Colleague: 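Please see the structure below; I have some questions.
Given the structure is predicted, the values throughout are model-derived calculations rather than measurements.
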Amino acid sequence: MDRLIIFDTTLRDGEQSPGASMTREEKLRIAKQLERLRVDVIEAGFAAASNGDFEAVRAIATVVKDSTICSLSRANDKDIARAAEALAPARSRRIHTFIATSALHMEKKLRMAPEQVLEQARLAVRFARQFTDDVEFSTEDGSRSDPDFLCRVLEAVIAEGATTVNIPDTVGYAVPAQYGQLLLSLRERVANSHRAVWSVHCHNDLGMAVANSLSGVLNGVRQIECTINGLGERAGNTALEEVVMALRTRRDVFGVDTRIDTTQIVATSRLVSTITGFPVQPNKAVVGANAFAHASGIHQDGVLKARQTYEIMRAEDVGWSANRIVLGKLSGRNAFKQRVQELGIPVESETELQSAFSRFKDLADRKAEIFDEDIQALFSDEEIGHHNEHFRLLSMSQRSQTGGQPSAEVLFQVGATQERATAEGNGPVDAVFKAIESRVASGSELLLYSVNAITTGTESQGEVTVRLSRGGRIVNGVGADPDIVAASAKAYISALNKLYTTSERLNPQTSMAP
């Protein structure tokens, strides 16, 4: 059976979602989990975008050994050389260079003639081959490009040594039948097409990213570029979990398989959601909380008699646990450690494990039943490494009653000093935020306040996402606690820490990436 290459761009294109910008440490943690997932290629970032992105790509290239590490670059020598420098420590490396090929982009954005674009594409691939034998070339806005011009460009870059050629549906304009036919036609018309792996990179503006990608597979494509949870700018990208499980479930149609360890899918989805602050909708395919739930009596009866009547996949095959309640307040450190390992949660040190275990014990005193999702929430980067945070929540209290004005008192640390603040608000959460702002004066705008239950029942931890904006910079903060007001305070402090951290990386929206 043919093997399809899974190219994950969560750390590059996924980061282009407003508010999803990640720190070097967060990117490294996700990269390690993608390696456990057995992703073939990890696009670690855009090394030329900033020193921060360069350092993140270099760190991932140094640590990850079982996946090819890739950096994006525009089709110019400066970008390519910077990518090559960042990728130098990688055991297996790829340079991914691109230039727009549609008439609209060439005229309005690049202000270049087609012949100039063709020549720049050739020279870029030629230069990249000086640093690695693995070079990918992308025709940005390929789905809206003239097929004749695409053939000329693709044949030229393959002749220069491009080992992968990617035809992106950059703006999600394509439909499956038309897109598949374009890909088949290009493969048939480009004389040296057999010398390169053909790839697709689809966006979800019309909700067809996965369908378009799979249409590509049916027409000879052997690499799909995708992201965890479909994360990405605008409406997002092709969702890795959906593509992988579609290929596995319908081998009879697609005739290809991947090397992905599907049991790591849910853990990876949860990690990306927690770090970026983008919750997974309950009815999301494969990784949504309701993906394997059955409410209809007819469906329940059928599943009890034979699972395959209404389930085309097994929940445990993608990492859902059959035994949801795992530990309690009497559980010891070894039992906790074993469950963490079973969940595939990466633990960097015994100190980190001990810190998480202490928080587990605190949670178990407040919550009778501890679920897998609760354990995963303990390992959020928002809860670890407080010594690196400028702001830290120490304690809080709030008062709210019918007919009265809600108020809050918050004690938090700012650098080396402690601040105590009180405020009134329209509700307890509003009062907490106003109390914090009365001392911090961040000048930020609250764009999003979202609450999700981590598990079921009234004892469930609440996971709060706060999105703040200041000076064009957008950040997400996440906090979890059985007390939803405390979770809100944690999330707000988390977002403030990200605003406070100076970042050298460019706004991802300015990168002009495919």
Side-chain angles (χ1 to χ4, degrees), residues 3-15 22-73 79-98 124-138 161-166 195-197 199 201 222-228 240 244 257-265 267-268 271-272 275 344-349:
R3 188 170 72 83
L4 184 80
I5 297 168
I6 296 297
F7 178 112
D8 184 274
T9 184
T10 303
L11 299 176
R12 199 278 299 169
D13 202 334
E15 194 187 27
M22 303 170 225
T23 65
R24 172 184 175 276
E25 290 71 24
E26 289 168 339
K27 279 193 166 189
L28 191 57
R29 191 173 178 197
I30 290 176
K32 291 177 181 178
Q33 181 58 31
L34 292 173
E35 184 181 28
R36 292 184 187 92
L37 184 62
R38 302 194 71 206
V39 163
D40 296 289
V41 183
I42 299 173
E43 190 166 52
F46 193 160
S50 71
N51 290 334
D53 248 24
F54 176 88
E55 292 300 332
V57 173
R58 191 170 184 85
I60 293 168
T62 301
V63 171
V64 174
K65 304 300 181 186
D66 193 40
S67 300
T68 295
I69 307 304
C70 175
S71 175
L72 186 70
S73 66
D79 272 24
I80 293 169
R82 191 67 168 158
E85 184 182 356
L87 293 169
R91 178 178 294 178
S92 176
R93 67 187 68 88
R94 174 183 295 187
I95 293 175
H96 179 192
T97 187
F98 72 95
V125 172
R126 184 185 300 175
F127 185 66
R129 279 300 300 258
Q130 297 180 30
F131 302 101
T132 177
D133 292 335
D134 191 349
V135 175
E136 176 172 343
F137 178 81
S138 284
T163 49
T164 301
V165 288
N166 182 49
R195 290 168 49 187
V197 174
S199 171
H201 176 116
R222 288 299 176 264
Q223 176 180 283
I224 289 180
E225 302 191 4
C226 45
T227 61
I228 302 299
L240 179 148
V244 167
D257 202 359
T258 71
R259 71 169 197 144
I260 295 294
D261 178 359
T262 61
T263 63
Q264 292 290 324
I265 284 178
T268 311
L271 179 63
V272 170
I275 286 177
I345 298 172
V347 178
E348 302 298 331
S349 65

Colleague: How many angstroms lie between atom CD1 of Ile95 and atom OG of Ser71, to the nearest 0.5 angstrom?
Modeller: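 Going from the CD1 atom of Ile95 to the OG atom of Ser71 covers 8.0 Å.
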Colleague: Does the side chain of Ser67 pick up a donor-acceptor pair with the side chain of Glu35 at under 3.5 Å?
Modeller: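 Side chains of Ser67 and Glu35: no pair found under 3.5 Å.
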Colleague: Return the CZ to CD1 distance between Arg29 and Ile275, rounded to the nearest 0.5 Å.
Modeller: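 Interatomic distance, Arg29 CZ to Ile275 CD1, rounded to 0.5 Å: 5.5 Å.
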Colleague: Could you check Leu240 against Val39 for side-chain contact (heavy atoms from CB on, under 4.5 Å), going step by step and ending with a plain yes or no?
Modeller: CA-CA 10 Å; Leu240 179 148; Val39 163; 4.1 Å; yes
Colleague: As a test of understanding, state which of Thr132, Asp134, Asp133 forms a side chain to side chain donor-acceptor pair (under 3.5 Å) with Arg94.
Modeller: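 With Arg94 as partner, Thr132, Asp134, Asp133 yield a single side chain to side chain donor-acceptor pair (under 3.5 Å), made by Asp134.
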Colleague: Could you pull out the closest heavy-atom pair between Val125 and Phe137, with the gap in Å?
Modeller: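 Shortest heavy-atom separation between Val125 and Phe137 comes out as CG2-CD1, 3.9 Å.
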Colleague: Quick check: do Thr163 and Val197 have side-chain heavy atoms less than 4.5 Å from each other?
Modeller: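 In short, these two side chains do not touch, never coming nearer than 4.5 Å.
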Colleague: What is the minimum heavy-atom distance between Arg93 and Ala88, and which atoms define it?
Modeller: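 Answer, listing the atom of Arg93 first, then Ala88: NH2-O, 3.1 Å.
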Colleague: Quick check against the 3.5 Å criterion: does Arg259 have a side-chain atom that pairs as donor or acceptor with the backbone of Arg38?
Modeller: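 Yes; judged by distance alone, with no hydrogens or angles, the pair exists.
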Colleague: Quick check: does any side chain N or O of Asp40 sit under 3.5 Å from a backbone N or O of Ile6, one acting as donor and the other as acceptor?
Modeller: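 A pair under 3.5 Å: yes.
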Colleague: Only one of Arg12, Arg24, Lys27 passes salt bridge (Lys or Arg N to Asp or Glu O under 4.0 Å) with Asp53; say which it is.
Modeller: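 Among Arg12, Arg24, Lys27, the one meeting salt bridge (Lys or Arg N to Asp or Glu O under 4.0 Å) with Asp53 is Lys27.
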Colleague: Atom CG of Asn166 and atom CD of Glu225: how far apart are they, to the nearest 0.5 Å?
Modeller: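 One gets 4.0 Å once the value is rounded to the nearest 0.5 Å.
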Colleague: Name the one of Thr227, Thr9, Thr68 that satisfies side chain to side chain donor-acceptor pair (under 3.5 Å) with Glu43?
Modeller: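 It is Thr9, the one option of Thr227, Thr9, Thr68 that forms the side chain to side chain donor-acceptor pair (under 3.5 Å) with Glu43.
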Colleague: Using every non-hydrogen atom in the two residues, find where Ile60 and Ile69 come nearest and quote the distance to one decimal.
Modeller: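 Reported closest heavy-atom pair: CG2-CD1, 3.9 Å.
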Colleague: Can you list the steps and then say if His201 with Asp13 is a side-chain contact (heavy atoms from CB on, under 4.5 Å)?
Modeller: CA-CA 10 Å; His201 176 116; Asp13 202 334; 2.9 Å; yes
Colleague: Would you name the heavy atoms of Arg222 and Arg3 that are closest together and state the gap between them?
Modeller: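 Distance-wise, the nearest heavy atoms are CD-O, 4.2 Å.
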Colleague: What are the two closest heavy atoms between Phe127 and Ala81, and how far apart are they?
Modeller: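 Smallest heavy-atom distance, with atoms named: CE2-N, 4.0 Å.
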Colleague: Could you give the distance from CG (Leu72) to CZ (Phe98), rounded to the nearest 0.5 Å?
Modeller: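 Going from CG on Leu72 over to CZ on Phe98, the span is 5.0 Å.
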Colleague: Begin with the C-alpha distance, continue with both residues' side-chain angles, and end with the deciding distance and a verdict on side-chain contact (heavy atoms from CB on, under 4.5 Å) for Cys70 and Phe7.
Modeller: CA-CA 9 Å; Cys70 175; Phe7 178 112; 4.1 Å; yes
Colleague: Taking all atoms of both residues into account, what is the closest heavy-atom pair of Val57 and Ala86, and its distance?
Modeller: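 Closest pair (atom of Val57, atom of Ala86, distance): CG1-CB, 3.7 Å.
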Colleague: Glu85 and Arg82: salt bridge (charged side-chain N to carboxylate O under 4.0 Å, His left out), yes or no, with the steps?
Modeller: CA-CA 5 Å; Glu85 184 182 356; Arg82 191 67 168 158; 3.6 Å; yes
Colleague: Does any donor atom in the side chain of Ser73 or Asp79 lie under 3.5 Å from an acceptor atom in the other side chain?
Modeller: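 Not at all, the side chains of Ser73 and Asp79 share no donor-acceptor pair under 3.5 Å.
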Colleague: So does Ile228 get a backbone contact from the side chain of Thr10, meaning a donor-acceptor N/O pair under 3.5 Å?
Modeller: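 Yes; judged by distance alone, with no hydrogens or angles, the pair exists.
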Colleague: Between atom CG of Leu271 and atom CD of Glu26, what is the distance when rounded to the nearest 0.5 Å?
Modeller: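 Interatomic distance, Leu271 CG to Glu26 CD, rounded to 0.5 Å: 9.5 Å.
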Colleague: Once rounded to the nearest 0.5 Å, what's the spacing between atom CZ of Arg58 and atom CG of Leu28?
Modeller: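 If we round to the nearest 0.5 Å, Arg58:CZ and Leu28:CG are 14.0 Å apart.
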